[in-house]
> 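One structure, pasted below without further comment.
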Amino acid sequence: MTLAALTIARRNPSLVIGFLLVITVMAMAIGSLFWTPYPPNQMAMTLRLQAPTAAHWMGTDPFGRDVLSQIMVGAQNALFVAVLAVMIGATLGGALGLAAAALRGWVEEIFMRVCDFAYAFPAVLMAIVISALLGVGATPTILAIAIFTIPVFGRLARGAAIEVWSKAFVAAARTNGRGALHISLRHILPNIGGLLIVQATTQIALAIIVEAGLSYLGIGLQPPAISWGKMLAQAQTNMSLSPTLAIFPGLMIALAVLGFNLLGDGVRDALDPRLRRLR
Amino acid sequence: MTKYILQVEDLVCEYRLKRQRLFGPHPVLRAVGGVSLQIMPGQSLAVVGESGSGKSTLARTVMALETPTSGSVKLNGEDLFAMSSARLREVRRNLSMVFQDPYESLDPRLKIGVSVADPLDALHEARTSSERRTRIGEALEAVGLRAADAEKFPHEFSGGQRQRIAIARALITRPALIVADEPVSALDVSVQAQVLNLMHDLRERYGIAYLFVSHNLAVVRQVADEVAVMQCGVFVEKGKAADVFAKPQHDYTRKLLAAVLKPEAMRRAQPPLRAIPN
Amino acid sequence: MMQNTLSVQNLSVSLRTDSGYVPIVRDLSFDVRKGAALGIVGESGCGKSMTALAVMRLLPDSAQTSGSIMLEGNDLLQLSEGAMCAVRGARIGMVFQEPMTALNPAHTVGKQIAEGLRLHKGLSSRAAIEEAGNLMDLVGIPNAGARLSDFPHQFSGGQRQRVVIAMALACKPDLLVADEPTTALDVTVQLQILELLEKLIADMGMSLIVISHDLGVIGRLCDDVMVMYAGQAVEKGTVADVFDAPSHPYTRGLFGALPEAQEDIGARLYTIPGVVPSPFALPHGCKFADRCGYVVPACRDAEPPLSPGKLGQLARCIKVPEVVA
């Protein structure tokens, strides 16, 4: 058992490191649902801007709130927003990509042009525009991230699906009288599923950055919801008094993003070693 | 009233290629340029040609995988391109295909039983799961595999075995015609012989007709009653296999025949090979 | 004594896999005579391509090689990677199965043929391009001078293979290794390429190794032949001897399975029963015993040595008299 684990670790270190990082962040997020060292929004004006102590491992913020507790709740919010947004984007994008590959012709043409248009804007800029239109808070943030995720998955799914459509086993299904919907669900989706899962993992990393960025700008999650991005923004104003305030949320964003990226790479290598060349 | 199982009349398949200039016309590629053929039940016709001759397009159009520009493909007298899509699905039970690449013609994610039964499932033909299982077992056994192999995945089989599985799938609805597009050209010599013999036996046992597409005249000799030589989208010669091989009429046929490399050993008769005991 | 361009002695190649080392080529010895063509024939997985890669020292890092590969008296297995680079292309030319992947689509064919000349012969760019034109002419590309500046995609499959051959010939190598040189080509084009190779080895006096699964190609092009099965030579000798009186049951089975070899139209072909043994689980004794009609208990006791066949060839079989009787 240990030996098997060691073999995997040697052969695919990104899978293991990514997995451990993601598990850590997830443990913090899930843990925060049941327990935090202090209520995350409990203020204690006597304990403002403390450096890390035995009582407050990560110190306190300008209102005396416990930073560790906030980090844990922040992990919960970051994962909730990122995972949900990517799931929505991946489902819609994947479905549209599959449809484009199945129908080809003008459907595909329109879909691709829309994707091109969406691609012309940087992800964060796009999210800002969408947030400006939809308002602020968790739901608009999720929708904003989901919307710019759609073309990513749409293009990926379409490209991969077109390749699978050219295979003889699809022609065989067609000669059996199978229609496009059956073929898309039975043959195409399972054969591109791995690719979509890998992309989803990496896309969660991007979504975490965007959520933090939007919250940093004040157009993401709104108080009292806690976000790493907002913690960073707050830390910035107190940079000279308490530099440690910026370190922990910054570190968490970095570790979470790194974790999902490594996990994505690792899963891709584990699923199909041949995909490594496409990197 | 018709006696032919397959009747292709004046089939033309054209493709629009990409424009060469921004507002220029689409150049048209004529892959098949007016081909007619007939196959009687239980007979086999081989279409021979080199890459780009249009032979694969012909096979795919007969399977209704491509739509022709003009002309007709009639199966048992019914035009495939004039019928409703529901009727086409129905008619497909009489029409199966075997593909060139055995590594690509089975979905790697499905158990082979699922792949083999797909023609039945598409028609909802097996009423009970035990009937379905029996039919899968019969099809696999007909091609020399075991019924228990239905539970395995394609990667557990060699190229030759996969081609057998693909043939089992083509057989399961007991079709009247199998279209085989280069079914042995991706296989090793000894495996190729096994698959050719299998196709030979199945034809004798079930009376299946074949439309056999190949670039290899030597292979065609083993399976075809009739041979059509295709070049640049048209048949340049068509006739009884024995005649075409003995007295080729067209220059291109002669050129193809001259290109067949016969190992010189064939000049000398070898003693019969002993079969494996038991 | 006849001089050999290449002499391979006791070559073994193993590949590292998840479940340890698997033998791909086992104790293989063969010579390529000066000015002669050796055909290596066998089915997928028999180790013939690995043998070619071993000769060119192009095996993957996971491979372990032992034995010796002497090219004109130098053991290639002892050379440093740098010294080997000077051998590849200059003294051993290579032609692969798929001409499109052997050519870089982003460079003109003239530049690609000239590259070897500049690298190995130190020719100036202008002289190299001029020589490239001569080579294209030599391999039969019409209007060669004008086509030097064309890109690979502007050539047909057969012409591309001619370009690859021109590249392989550029430095007048002692040995040309061709791995399935005509498998991807149409039959009429295949014949042209074989005629070209035939003419080139006759004119230039170089030696040739042809790897192929096609006995017809070997019979057409080669002087000597080695039949491989499960990583080993099971029969080797001159093409005349091996083709006239195949003495190993496997060789005979291969000939029997060839549709090209049949006189009767529509006859059943001979088939070799069973499947090739997995290199992970090679049987004890003769590796072909499970598929052989001549098998006796002694076959499974020990691997048979190469012994004289019916004519001048060697066959790895203890029942040669029965097989050829």
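Residue numbering restarts at 1 for every chain, and letters A, B, ... go by the order of the sequence lines.
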> Which atoms of B/Leu110 come close to chain A, meaning under 4.5 Å heavy atom to heavy atom: side chain ones, backbone ones, both, or neither?
side chain
> Check B/Ala166 against B/Val98 and note the closest heavy-atom contact, atom names and distance.
O-CG2, 4.4 Å
> Donor-acceptor pairs under 3.5 angstrom involving side-chain atoms of residues 190-204 of chain A: please list them, not counting sequence neighbours.
{"residue": "A/Asn191", "atom": "ND2", "partner": "A/His187", "partner atom": "O", "Å": "2.7"}
{"residue": "A/Asn191", "atom": "ND2", "partner": "B/Asp107", "partner atom": "OD1", "Å": "2.9"}
{"residue": "A/Asn191", "atom": "ND2", "partner": "B/Asp107", "partner atom": "OD2", "Å": "3.4"}
{"residue": "A/Gln199", "atom": "NE2", "partner": "A/Gln203", "partner atom": "OE1", "Å": "3.0"}
{"residue": "A/Thr201", "atom": "OG1", "partner": "A/Ile197", "partner atom": "O", "Å": "2.8"}
{"residue": "A/Thr202", "atom": "OG1", "partner": "A/Val198", "partner atom": "O", "Å": "2.8"}

> What part of B/Leu106 lies closer than 4.5 angstrom to a heavy atom of chain A: side chain, backbone, both or neither?
backbone
> Name all pairs fulfilling the salt bridge (Lys or Arg N to Asp or Glu O under 4.0 Å) condition that reach into residues 84-101 of chain A, sequence neighbours left out, sorted by first residue then second.
none
> Among B/Pro108, B/Ser85, B/Ala64, B/Ser115, which residue forms the greatest number of heavy-atom pairs with chain A at distances under 4.5 Å?
B/Pro108
> Counting only heavy atoms closer than 4.5 Å, note whether B/Asp181 contacts chain A via side chain, backbone, both or neither.
neither
> Specify the closest pair of heavy atoms between A/Ala270 and A/Leu15, including all atoms of both residues, with the distance to one decimal.
CB-CD2, 4.5 Å
> Counting heavy-atom pairs under 4.5 Å to chain A, which of B/Arg89, B/Arg109, B/Met63 comes out on top?
B/Arg109
> At a 4.5 Å cut-off on heavy atoms, which part of B/Val91 comes close to chain A: side chain, backbone, both, or neither?
neither
> Does the side chain of B/Glu66 come under 3.5 Å of the side chain of B/Thr57 through a donor N or O and an acceptor N or O?
no
